[in-house]
2 protein chains.
Amino acid sequence: MQKTVRIVIIEDDEILQHAYKQLIEDEPGFYVVNCYNSFEAAEKKLVAEDPSIVLLDIELPGISGVNAIPLVKKMLPKAHVIVLTVYELEDQIFSALANGAAGYLTKDTSSAKIIEAIYDARGGGGPMSKKIASIVIKSFQKNSDSPLSKRETEIMRMVSEGKKRNEIAEELFIELETVKTHIKNIYAKLNVNSRSDALKVLKQHRVI
Amino acid sequence: MQKTVRIVIIEDDEILQHAYKQLIEDEPGFYVVNCYNSFEAAEKKLVAEDPSIVLLDIELPGISGVNAIPLVKKMLPKAHVIVLTVYELEDQIFSALANGAAGYLTKDTSSAKIIEAIYDARGGGGPMSKKIASIVIKSFQKNSDSPLSKRETEIMRMVSEGKKRNEIAEELFIELETVKTHIKNIYAKLNVNSRSDALKVLKQHRVI
DNA sequence: GAAAAATACCCCTTTAGGGGGTATTTCCAT
DNA sequence: ATGGAAATACCCCCTAAAGGGGTATTTTTC
(Lines give C-alpha, C1' and ligand atoms only; values in the text may rest on other atoms or scores of the structure.)
Protein backbone atom coordinates (compact mmCIF):
# COMPACT_ATOMS: atom_id res chain seq x y z
CA MET A 1 0.00 0.00 0.00
CA GLN A 2 1.76 3.12 -1.28
CA LYS A 3 0.14 6.16 0.34
CA THR A 4 0.01 9.48 -1.47
CA VAL A 5 2.36 12.02 0.07
CA ARG A 6 0.38 15.16 0.86
CA ILE A 7 2.41 18.33 0.52
CA VAL A 8 1.68 21.97 1.33
CA ILE A 9 3.83 24.78 -0.05
CA ILE A 10 4.16 28.09 1.76
CA GLU A 11 6.12 30.45 -0.48
CA ASP A 12 5.37 34.06 -1.29
CA ASP A 13 7.06 34.07 -4.70
CA GLU A 14 4.26 32.91 -7.00
CA ILE A 15 6.63 31.85 -9.73
CA LEU A 16 8.65 29.63 -7.42
CA GLN A 17 5.47 28.38 -5.81
CA HIS A 18 4.16 27.15 -9.16
CA ALA A 19 7.53 25.75 -10.12
CA TYR A 20 7.66 23.68 -6.95
CA LYS A 21 4.10 22.54 -7.39
CA GLN A 22 4.80 21.47 -10.93
CA LEU A 23 7.90 19.49 -10.15
CA ILE A 24 6.34 17.78 -7.16
CA GLU A 25 3.20 16.75 -9.00
CA ASP A 26 5.35 15.25 -11.74
CA GLU A 27 6.53 12.79 -9.13
CA PRO A 28 4.21 9.80 -8.81
CA GLY A 29 2.77 9.46 -5.31
CA PHE A 30 3.29 13.13 -4.45
CA TYR A 31 0.33 15.47 -4.27
CA VAL A 32 0.34 19.20 -3.57
CA VAL A 33 -2.71 19.77 -1.36
CA ASN A 34 -2.46 23.53 -1.44
CA CYS A 35 -0.13 26.53 -1.82
CA TYR A 36 -0.06 29.69 0.25
CA ASN A 37 1.69 33.05 0.16
CA SER A 38 2.09 33.40 3.90
CA PHE A 39 1.83 31.41 7.07
CA GLU A 40 -1.21 33.42 8.11
CA ALA A 41 -3.02 32.35 4.95
CA ALA A 42 -2.23 28.70 5.63
CA GLU A 43 -2.88 28.74 9.37
CA LYS A 44 -6.60 28.01 9.46
CA LYS A 45 -6.62 25.25 6.90
CA LEU A 46 -3.42 23.35 7.62
CA VAL A 47 -4.90 20.94 10.15
CA ALA A 48 -7.78 19.94 7.86
CA GLU A 49 -5.45 19.53 4.90
CA ASP A 50 -3.16 17.34 6.99
CA PRO A 51 0.00 17.39 4.87
CA SER A 52 2.89 15.15 5.85
CA ILE A 53 5.38 17.53 4.25
CA VAL A 54 5.41 21.33 4.44
CA LEU A 55 7.77 23.18 2.13
CA LEU A 56 8.37 26.46 3.90
CA ASP A 57 10.04 29.60 2.64
CA ILE A 58 11.98 31.54 5.27
CA GLU A 59 11.44 34.99 3.82
CA LEU A 60 7.69 35.32 4.21
CA PRO A 61 5.57 38.43 4.69
CA GLY A 62 4.14 38.57 8.23
CA ILE A 63 5.29 35.73 10.45
CA SER A 64 8.70 34.57 9.25
CA GLY A 65 9.34 31.01 8.23
CA VAL A 66 11.60 30.45 11.22
CA ASN A 67 8.85 31.48 13.62
CA ALA A 68 6.25 29.56 11.65
CA ILE A 69 8.04 26.23 12.12
CA PRO A 70 7.07 25.65 15.75
CA LEU A 71 3.50 26.71 14.96
CA VAL A 72 3.29 24.25 12.09
CA LYS A 73 4.79 21.51 14.22
CA LYS A 74 2.23 22.22 16.93
CA MET A 75 -0.64 21.88 14.48
CA LEU A 76 0.88 18.92 12.62
CA PRO A 77 3.22 17.14 14.99
CA LYS A 78 3.96 14.37 12.54
CA ALA A 79 4.63 16.59 9.53
CA HIS A 80 8.14 17.21 8.24
CA VAL A 81 8.98 20.83 7.58
CA ILE A 82 11.54 21.42 4.87
CA VAL A 83 12.91 24.93 4.79
CA LEU A 84 13.72 26.68 1.53
CA THR A 85 15.72 29.86 1.45
CA VAL A 86 17.94 32.00 -0.71
CA TYR A 87 20.11 33.02 2.22
CA GLU A 88 22.67 30.89 3.99
CA LEU A 89 22.85 32.71 7.27
CA GLU A 90 24.30 30.64 10.03
CA ASP A 91 21.98 31.94 12.74
CA GLN A 92 18.94 31.47 10.54
CA ILE A 93 19.92 27.89 9.80
CA PHE A 94 20.42 27.06 13.47
CA SER A 95 17.19 28.77 14.52
CA ALA A 96 15.27 26.87 11.86
CA LEU A 97 16.77 23.55 12.91
CA ALA A 98 16.30 24.32 16.62
CA ASN A 99 12.66 25.11 15.88
CA GLY A 100 12.14 21.71 14.37
CA ALA A 101 12.88 21.89 10.65
CA ALA A 102 13.55 18.42 9.28
CA GLY A 103 15.67 19.73 6.44
CA TYR A 104 17.17 22.85 4.99
CA LEU A 105 17.54 23.55 1.28
CA THR A 106 18.81 26.53 -0.62
CA LYS A 107 16.71 27.67 -3.54
CA ASP A 108 19.32 26.75 -6.08
CA THR A 109 18.62 23.11 -5.28
CA SER A 110 17.81 21.09 -8.37
CA SER A 111 14.39 19.56 -8.92
CA ALA A 112 15.77 16.09 -8.47
CA LYS A 113 17.33 17.04 -5.14
CA ILE A 114 14.09 18.58 -3.88
CA ILE A 115 12.23 15.37 -4.64
CA GLU A 116 15.05 13.42 -2.98
CA ALA A 117 14.83 15.69 0.06
CA ILE A 118 11.14 14.92 0.46
CA TYR A 119 11.84 11.19 0.35
CA ASP A 120 14.67 11.68 2.85
CA ALA A 121 12.56 13.69 5.26
CA ARG A 122 9.83 11.03 5.16
CA GLY A 123 12.42 8.40 5.94
CA GLY A 124 13.58 10.29 9.00
CA GLY A 125 16.66 11.65 7.28
CA GLY A 126 17.94 15.19 7.44
CA PRO A 127 18.13 16.59 3.93
CA MET A 128 20.54 19.48 3.55
CA SER A 129 22.10 21.32 0.63
CA LYS A 130 25.83 20.88 0.33
CA LYS A 131 26.43 24.47 1.42
CA ILE A 132 24.23 24.08 4.44
CA ALA A 133 26.01 20.86 5.38
CA SER A 134 29.35 22.59 5.26
CA ILE A 135 28.10 25.48 7.41
CA VAL A 136 26.68 23.03 9.91
CA ILE A 137 29.91 21.04 10.03
CA LYS A 138 31.96 24.20 10.44
CA SER A 139 29.79 25.17 13.38
CA PHE A 140 30.98 22.07 15.19
CA GLN A 141 34.63 22.67 14.51
CA LYS A 142 36.63 24.06 17.35
CA ASN A 143 39.39 26.54 16.87
CA SER A 144 42.69 24.77 17.34
CA ASP A 145 44.78 27.87 17.89
CA SER A 146 43.52 28.99 21.22
CA PRO A 147 45.62 30.80 23.81
CA LEU A 148 44.41 28.33 26.41
CA SER A 149 46.21 25.18 27.43
CA LYS A 150 44.48 21.82 27.43
CA ARG A 151 43.68 21.97 31.12
CA GLU A 152 42.48 25.54 30.87
CA THR A 153 40.18 24.65 28.00
CA GLU A 154 38.84 21.72 29.96
CA ILE A 155 38.11 23.96 32.93
CA MET A 156 36.37 26.56 30.81
CA ARG A 157 34.23 23.89 29.22
CA MET A 158 33.10 22.96 32.70
CA VAL A 159 32.53 26.61 33.52
CA SER A 160 30.36 26.77 30.41
CA GLU A 161 28.25 23.98 31.89
CA GLY A 162 27.54 26.17 34.88
CA LYS A 163 29.86 24.29 37.18
CA LYS A 164 31.28 26.03 40.22
CA ARG A 165 34.97 26.05 41.08
CA ASN A 166 34.64 23.46 43.80
CA GLU A 167 32.60 21.18 41.54
CA ILE A 168 35.32 21.48 38.90
CA ALA A 169 38.02 20.75 41.47
CA GLU A 170 36.21 17.60 42.61
CA GLU A 171 35.62 16.31 39.13
CA LEU A 172 39.22 16.85 38.07
CA PHE A 173 40.65 15.54 41.36
CA ILE A 174 42.58 18.74 41.95
CA GLU A 175 42.42 21.37 44.67
CA LEU A 176 40.02 24.30 44.63
CA GLU A 177 43.07 26.56 44.82
CA THR A 178 44.44 25.05 41.64
CA VAL A 179 41.19 25.72 39.83
CA LYS A 180 41.33 29.31 41.09
CA THR A 181 44.86 29.65 39.75
CA HIS A 182 43.85 28.27 36.36
CA ILE A 183 40.91 30.63 36.14
CA LYS A 184 43.06 33.60 37.11
CA ASN A 185 45.52 32.66 34.37
CA ILE A 186 42.71 32.24 31.86
CA TYR A 187 41.28 35.66 32.68
CA ALA A 188 44.71 37.21 32.24
CA LYS A 189 45.17 35.50 28.86
CA LEU A 190 41.76 36.54 27.62
CA ASN A 191 41.87 39.97 29.19
CA VAL A 192 38.58 39.59 30.98
CA ASN A 193 37.52 39.49 34.60
CA SER A 194 34.35 37.47 34.76
CA ARG A 195 33.00 34.09 33.74
CA SER A 196 30.47 35.52 31.36
CA ASP A 197 33.02 37.69 29.56
CA ALA A 198 35.44 34.78 29.31
CA LEU A 199 32.74 32.53 27.87
CA LYS A 200 31.70 35.22 25.42
CA VAL A 201 35.26 35.53 24.11
CA LEU A 202 35.73 31.77 23.90
CA LYS A 203 32.45 31.20 22.10
CA GLN A 204 33.21 33.96 19.65
CA HIS A 205 36.48 32.28 18.81
CA ARG A 206 34.88 28.84 18.79
CA VAL A 207 37.24 27.54 21.42
CA ILE A 208 34.47 25.83 23.36
CA MET B 1 45.45 22.18 -15.05
CA GLN B 2 43.77 19.27 -13.30
CA LYS B 3 45.94 18.26 -10.37
CA THR B 4 46.01 14.68 -9.15
CA VAL B 5 44.22 14.28 -5.83
CA ARG B 6 46.56 12.55 -3.40
CA ILE B 7 44.78 10.31 -0.92
CA VAL B 8 45.95 8.37 2.12
CA ILE B 9 43.82 5.64 3.68
CA ILE B 10 44.12 4.75 7.35
CA GLU B 11 41.97 1.70 7.99
CA ASP B 12 42.81 -1.43 9.94
CA ASP B 13 40.49 -3.76 8.05
CA GLU B 14 42.68 -4.89 5.14
CA ILE B 15 39.75 -5.94 3.01
CA LEU B 16 38.03 -2.58 3.32
CA GLN B 17 41.37 -0.85 2.84
CA HIS B 18 41.87 -2.58 -0.48
CA ALA B 19 38.29 -2.01 -1.50
CA TYR B 20 38.61 1.72 -0.90
CA LYS B 21 41.92 1.84 -2.70
CA GLN B 22 40.45 0.06 -5.69
CA LEU B 23 37.41 2.24 -6.01
CA ILE B 24 39.38 5.43 -5.59
CA GLU B 25 42.00 4.52 -8.16
CA ASP B 26 39.25 3.73 -10.64
CA GLU B 27 38.41 7.42 -10.50
CA PRO B 28 40.50 9.47 -12.92
CA GLY B 29 42.57 12.11 -11.15
CA PHE B 30 42.51 10.29 -7.81
CA TYR B 31 45.63 8.59 -6.55
CA VAL B 32 46.07 6.57 -3.37
CA VAL B 33 49.53 7.52 -2.10
CA ASN B 34 49.58 4.93 0.66
CA CYS B 35 47.48 2.82 3.04
CA TYR B 36 48.08 2.19 6.73
CA ASN B 37 46.62 -0.01 9.43
CA SER B 38 47.00 2.51 12.21
CA PHE B 39 47.71 6.15 12.81
CA GLU B 40 51.04 5.26 14.39
CA ALA B 41 52.10 3.54 11.16
CA ALA B 42 51.18 6.60 9.11
CA GLU B 43 52.54 9.23 11.48
CA LYS B 44 56.13 9.45 10.29
CA LYS B 45 55.41 9.46 6.59
CA LEU B 46 52.30 11.56 6.28
CA VAL B 47 54.03 14.91 5.88
CA ALA B 48 56.28 13.65 3.11
CA GLU B 49 53.41 11.98 1.31
CA ASP B 50 51.41 15.20 1.54
CA PRO B 51 47.91 13.92 0.80
CA SER B 52 45.08 16.41 0.36
CA ILE B 53 42.53 13.85 1.52
CA VAL B 54 42.87 11.42 4.41
CA LEU B 55 40.25 8.69 4.71
CA LEU B 56 40.29 7.80 8.37
CA ASP B 57 38.67 4.91 10.16
CA ILE B 58 37.44 5.66 13.67
CA GLU B 59 37.96 2.21 15.14
CA LEU B 60 41.73 1.95 14.90
CA PRO B 61 44.16 -0.02 17.07
CA GLY B 62 46.25 2.33 19.21
CA ILE B 63 45.34 6.00 18.82
CA SER B 64 41.67 6.22 17.87
CA GLY B 65 40.57 7.96 14.72
CA VAL B 66 38.91 10.73 16.71
CA ASN B 67 42.15 11.51 18.51
CA ALA B 68 44.14 11.16 15.31
CA ILE B 69 42.21 13.92 13.52
CA PRO B 70 43.83 16.89 15.29
CA LEU B 71 47.25 15.28 14.86
CA VAL B 72 46.69 14.83 11.14
CA LYS B 73 45.42 18.38 10.85
CA LYS B 74 48.50 19.62 12.66
CA MET B 75 50.80 17.83 10.23
CA LEU B 76 48.72 18.62 7.15
CA PRO B 77 46.73 21.77 7.86
CA LYS B 78 45.29 21.92 4.36
CA ALA B 79 44.24 18.29 4.14
CA HIS B 80 40.62 17.24 4.43
CA VAL B 81 39.95 14.37 6.79
CA ILE B 82 36.97 12.21 5.94
CA VAL B 83 35.90 9.90 8.72
CA LEU B 84 34.62 6.40 8.02
CA THR B 85 32.90 4.36 10.65
CA VAL B 86 30.51 1.51 11.23
CA TYR B 87 29.05 3.15 14.32
CA GLU B 88 26.71 6.11 14.42
CA LEU B 89 27.35 7.29 17.94
CA GLU B 90 26.29 10.84 18.52
CA ASP B 91 29.19 11.75 20.79
CA GLN B 92 31.68 10.19 18.42
CA ILE B 93 30.28 12.17 15.51
CA PHE B 94 30.46 15.43 17.40
CA SER B 95 33.94 14.76 18.71
CA ALA B 96 35.15 13.95 15.22
CA LEU B 97 33.61 17.11 13.76
CA ALA B 98 34.87 19.24 16.66
CA ASN B 99 38.33 17.83 16.06
CA GLY B 100 38.26 19.01 12.48
CA ALA B 101 36.82 16.24 10.33
CA ALA B 102 35.61 17.65 7.03
CA GLY B 103 33.08 14.89 6.55
CA TYR B 104 31.60 11.84 8.15
CA LEU B 105 30.58 8.69 6.31
CA THR B 106 29.21 5.39 7.49
CA LYS B 107 30.77 2.31 5.99
CA ASP B 108 27.62 1.31 4.17
CA THR B 109 28.19 4.31 1.90
CA SER B 110 28.22 3.35 -1.77
CA SER B 111 31.32 3.70 -3.91
CA ALA B 112 29.78 6.51 -5.87
CA LYS B 113 28.98 8.43 -2.69
CA ILE B 114 32.52 8.00 -1.38
CA ILE B 115 33.92 9.47 -4.57
CA GLU B 116 31.35 12.26 -4.37
CA ALA B 117 32.34 12.91 -0.75
CA ILE B 118 35.97 13.39 -1.78
CA TYR B 119 34.95 15.91 -4.42
CA ASP B 120 32.71 17.64 -1.88
CA ALA B 121 35.41 17.86 0.75
CA ARG B 122 37.83 19.33 -1.77
CA GLY B 123 35.24 21.93 -2.68
CA GLY B 124 34.86 22.99 0.93
CA GLY B 125 31.61 21.09 1.38
CA GLY B 126 30.70 18.91 4.29
CA PRO B 127 29.94 15.41 3.07
CA MET B 128 27.76 13.37 5.39
CA SER B 129 25.83 10.14 5.12
CA LYS B 130 22.07 10.54 5.33
CA LYS B 131 21.99 8.94 8.76
CA ILE B 132 24.71 11.23 10.03
CA ALA B 133 22.88 14.25 8.66
CA SER B 134 19.74 13.28 10.49
CA ILE B 135 21.64 12.76 13.75
CA VAL B 136 23.30 16.14 13.33
CA ILE B 137 20.00 17.85 12.60
CA LYS B 138 18.34 16.17 15.57
CA SER B 139 21.14 17.48 17.76
CA PHE B 140 20.06 21.00 16.94
CA GLN B 141 16.41 20.41 17.66
CA LYS B 142 15.14 21.71 20.94
CA ASN B 143 12.55 19.90 22.95
CA SER B 144 9.28 21.76 22.63
CA ASP B 145 7.59 20.20 25.65
CA SER B 146 9.58 21.71 28.44
CA PRO B 147 8.17 22.52 31.87
CA LEU B 148 9.67 25.99 31.59
CA SER B 149 7.83 29.04 30.36
CA LYS B 150 9.23 31.22 27.59
CA ARG B 151 10.73 33.70 30.00
CA GLU B 152 12.16 30.97 32.18
CA THR B 153 13.78 29.31 29.17
CA GLU B 154 15.22 32.65 28.12
CA ILE B 155 16.70 33.17 31.57
CA MET B 156 18.21 29.71 31.68
CA ARG B 157 19.77 30.23 28.28
CA MET B 158 21.48 33.29 29.72
CA VAL B 159 22.51 31.32 32.78
CA SER B 160 24.03 28.80 30.39
CA GLU B 161 26.13 31.62 28.97
CA GLY B 162 27.60 32.21 32.39
CA LYS B 163 25.59 35.35 33.04
CA LYS B 164 24.94 36.45 36.57
CA ARG B 165 21.50 37.33 37.89
CA ASN B 166 22.12 41.05 37.76
CA GLU B 167 23.49 40.83 34.23
CA ILE B 168 20.36 38.96 33.21
CA ALA B 169 18.15 41.52 34.91
CA GLU B 170 19.86 44.38 33.08
CA GLU B 171 19.66 42.70 29.69
CA LEU B 172 15.99 41.85 30.08
CA PHE B 173 15.09 45.25 31.61
CA ILE B 174 13.60 43.62 34.67
CA GLU B 175 14.50 43.76 38.35
CA LEU B 176 17.09 41.52 39.96
CA GLU B 177 14.34 40.36 42.31
CA THR B 178 12.26 39.20 39.37
CA VAL B 179 15.15 37.17 38.03
CA LYS B 180 15.56 35.64 41.47
CA THR B 181 11.88 34.71 41.50
CA HIS B 182 12.11 33.13 38.07
CA ILE B 183 15.15 31.11 39.03
CA LYS B 184 13.49 29.97 42.25
CA ASN B 185 10.47 28.82 40.22
CA ILE B 186 12.71 27.08 37.71
CA TYR B 187 14.57 25.20 40.43
CA ALA B 188 11.26 24.11 41.92
CA LYS B 189 10.00 22.88 38.55
CA LEU B 190 13.19 21.00 37.79
CA ASN B 191 13.68 19.75 41.32
CA VAL B 192 17.20 21.05 41.60
CA ASN B 193 18.93 23.63 43.73
CA SER B 194 21.87 24.89 41.76
CA ARG B 195 22.71 26.39 38.40
CA SER B 196 24.82 23.47 37.33
CA ASP B 197 22.19 20.88 38.19
CA ALA B 198 19.52 22.89 36.40
CA LEU B 199 21.69 23.19 33.29
CA LYS B 200 22.47 19.49 33.40
CA VAL B 201 18.76 18.63 33.44
CA LEU B 202 17.94 21.10 30.70
CA LYS B 203 20.75 19.93 28.44
CA GLN B 204 19.77 16.31 28.95
CA HIS B 205 16.27 17.14 27.82
CA ARG B 206 17.54 19.35 25.01
CA VAL B 207 15.63 22.35 26.28
CA ILE B 208 18.56 24.69 25.81
C1' DG C 1 -13.29 34.91 34.54
C1' DA C 2 -9.91 31.54 36.22
C1' DA C 3 -5.18 29.97 35.52
C1' DA C 4 -0.60 30.69 34.19
C1' DA C 5 3.06 33.80 33.50
C1' DA C 6 5.66 37.71 34.55
C1' DT C 7 6.67 41.12 37.51
C1' DA C 8 8.46 42.97 42.18
C1' DC C 9 9.51 43.31 47.00
C1' DC C 10 10.90 41.75 51.99
C1' DC C 11 13.77 38.80 55.05
C1' DC C 12 17.97 35.90 55.88
C1' DT C 13 22.74 32.99 55.60
C1' DT C 14 26.19 30.74 53.09
C1' DT C 15 29.11 30.34 49.41
C1' DA C 16 31.27 31.59 45.35
C1' DG C 17 34.03 34.72 42.76
C1' DG C 18 37.78 37.62 41.83
C1' DG C 19 42.47 39.93 42.82
C1' DG C 20 46.95 40.10 45.22
C1' DG C 21 50.77 37.16 45.91
C1' DT C 22 54.50 32.88 45.85
C1' DA C 23 56.22 28.20 44.94
C1' DT C 24 56.82 23.41 43.42
C1' DT C 25 56.74 19.71 40.15
C1' DT C 26 56.13 17.75 35.74
C1' DC C 27 56.48 17.64 31.05
C1' DC C 28 57.79 18.83 26.40
C1' DA C 29 60.64 20.61 22.87
C1' DT C 30 65.08 22.54 21.01
C1' DA D 1 70.04 18.60 29.04
C1' DT D 2 67.84 22.45 30.10
C1' DG D 3 64.78 26.23 29.79
C1' DG D 4 60.05 27.44 29.48
C1' DA D 5 55.30 26.29 29.63
C1' DA D 6 51.86 23.83 32.06
C1' DA D 7 49.87 22.04 36.06
C1' DT D 8 49.78 21.84 40.65
C1' DA D 9 48.99 24.10 45.44
C1' DC D 10 48.99 27.40 49.09
C1' DC D 11 48.40 32.22 51.56
C1' DC D 12 45.76 36.66 52.17
C1' DC D 13 41.70 39.70 51.41
C1' DC D 14 36.88 41.55 50.33
C1' DT D 15 32.70 41.93 47.70
C1' DA D 16 29.21 40.07 45.26
C1' DA D 17 26.50 36.37 44.08
C1' DA D 18 23.61 32.50 45.10
C1' DG D 19 20.05 30.21 47.28
C1' DG D 20 15.84 29.72 50.45
C1' DG D 21 11.86 31.60 53.09
C1' DG D 22 7.97 34.42 52.19
C1' DT D 23 3.97 37.61 49.83
C1' DA D 24 1.74 40.31 46.23
C1' DT D 25 0.46 42.69 41.94
C1' DT D 26 -0.25 42.97 37.05
C1' DT D 27 -0.52 41.04 32.50
C1' DT D 28 -1.50 37.28 29.27
C1' DT D 29 -3.78 33.69 27.66
C1' DC D 30 -7.16 30.24 27.12
Side-chain angles (χ1 to χ4, degrees), chain A residues 43-44 47 63 67 70-71 74-75 144-202 207-208, chain B residues 43-44 47 63 67 70-71 74-75 144-202 207-208:
Chain A
E43 202 168 10
K44 303 269 161 61
V47 173
I63 296 177
N67 294 323
L71 304 174
K74 207 169 185 177
M75 288 187 278
S144 55
D145 54 273
S146 137
L148 302 191
S149 74
K150 206 172 170 185
R151 196 55 146 179
E152 288 168 346
T153 305
E154 193 176 14
I155 287 173
M156 286 312 291
R157 191 164 292 126
M158 296 173 85
V159 167
S160 84
E161 286 158 7
K163 297 204 170 99
K164 302 184 207 308
R165 307 190 292 196
N166 56 12
E167 295 175 314
I168 295 171
E170 268 181 48
E171 274 190 56
L172 298 181
F173 304 105
I174 57 179
E175 292 301 311
L176 167 62
E177 284 299 330
T178 307
V179 176
K180 285 179 66 176
T181 303
H182 280 304
I183 292 180
K184 276 189 275 191
N185 292 337
I186 293 166
Y187 286 3
K189 282 183 182 179
L190 302 180
N191 237 287
V192 296
N193 52 14
S194 75
R195 302 176 149 242
S196 48
D197 285 347
L199 290 177
K200 208 183 296 165
V201 171
L202 293 176
V207 172
I208 56 167
Chain B
E43 201 168 10
K44 302 270 161 60
V47 173
I63 296 178
N67 294 323
L71 304 172
K74 205 170 186 176
M75 288 187 277
S144 53
D145 54 271
S146 136
L148 302 191
S149 73
K150 207 173 171 183
R151 196 56 145 179
E152 288 168 346
T153 306
E154 193 175 14
I155 287 173
M156 286 313 290
R157 192 165 291 125
M158 296 172 85
V159 167
S160 85
E161 285 157 7
K163 297 203 170 100
K164 301 182 209 307
R165 305 191 292 195
N166 57 11
E167 294 175 313
I168 294 171
E170 268 182 49
E171 274 190 56
L172 297 181
F173 304 106
I174 56 179
E175 292 302 311
L176 167 62
E177 284 298 331
T178 307
V179 176
K180 284 179 67 177
T181 303
H182 280 304
I183 292 180
K184 276 188 275 189
N185 292 337
I186 293 165
Y187 286 4
K189 282 182 181 179
L190 302 180
N191 236 286
V192 297
N193 52 15
S194 75
R195 294 161 97 81
S196 48
D197 285 346
L199 290 176
K200 207 182 296 164
V201 171
L202 294 175
V207 173
I208 54 168

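Just the heavy atoms: all of them, side chains too, but no hydrogens, waters or symmetry mates, feed the values below.
- No N or O donor and acceptor, one from the side chain of A:Lys180 and one from the base of C:dG17, sit under 3.5 Å apart.
- Taking atom CD of residue B:Glu175 and atom C1' of nucleotide C:dA5, one finds them 18 Å apart after rounding to whole Å.
- Of the side-chain N and O atoms in B:Asn166, none sit less than 4.0 angstrom from OP1 or OP2 of D:dA16.
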Given side-chain contact (heavy atoms from CB on, under 4.5 Å), test A:Glu161 with A:Met156 step by step and report yes or no.
CA-CA 9 Å; A:Glu161 286 158 7; A:Met156 286 312 291; over 6 Å; no

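- Remark: C1' of D:dG22 and CD of B:Glu177 are 11 Å apart, rounded to the nearest angstrom.
- Per the geometry, CD1 belonging to A:Ile183 stands 14 Å off P belonging to D:dA9, to the nearest Å.
- Between B:Tyr187 and the phosphate of D:dG19, there is a side-chain N or O to OP1/OP2 separation shorter than 4.0 Å.
- Each of D:dA6, C:dC9, C:dG21 was ranked by its minimum atom distance to the side chain of A:Lys189; first place goes to D:dA6.
- At whole-Å resolution of the value, CD1 in B:Ile174 and P in C:dA6 are 10 Å apart.
- Distance from the side chain of B:Arg195 is smallest to D:dA18 among D:dG21, D:dA18, D:dA9.
- At least one side-chain heavy atom of A:Ile155 sits under 4.5 Å from a side-chain heavy atom of A:Leu172.
- To the nearest 0.5 Å, atoms OG (B:Ser194) and CD1 (B:Ile183) are separated by 11.5 Å.
- Annotation: of the two residues near DNA chain C, B:Glu152 and B:Lys184, the 5′-most nearest-nucleotide partner is B:Glu152.
- Nucleotide C:dT7 holds its C1' atom 7 Å from the NE2 atom of B:His182, rounded to whole Å.
- If you check distances only, the side chain of A:Lys164 never reaches the base of C:dG17 with a donor-acceptor pair under 3.5 Å.
- Distance A:Arg165 CZ to D:dA16 P: 15 Å, rounded to the nearest Å.
- At whole-Å resolution of the value, CG in B:Asn185 and P in C:dA5 are 10 Å apart.
- Below the 3.5 angstrom threshold, one finds no donor paired with an acceptor across the side chain of A:Thr178 and the base of D:dC10.
- When each of A:Lys150 and B:Leu176 is assigned the nucleotide of DNA chain D bearing its nearest heavy atom, the one mapping closer to the 5' terminus is A:Lys150.
- Between A:Gly162 and B:Ser196 the shortest heavy-atom distance is O-CB, 3.3 Å.
- Within the 4.0 angstrom heavy-atom criterion, only backbone atoms of the sugar-phosphate kind lie near A:Ser194; the bases stay farther away.
- Atoms CE (B:Met158) and C1' (D:dA18) sit 17 Å apart, rounded to a whole Å.
- Put simply, the side chain of A:Glu152 reaches to within 4.5 Å of the side chain of A:Lys189, judged on heavy atoms.
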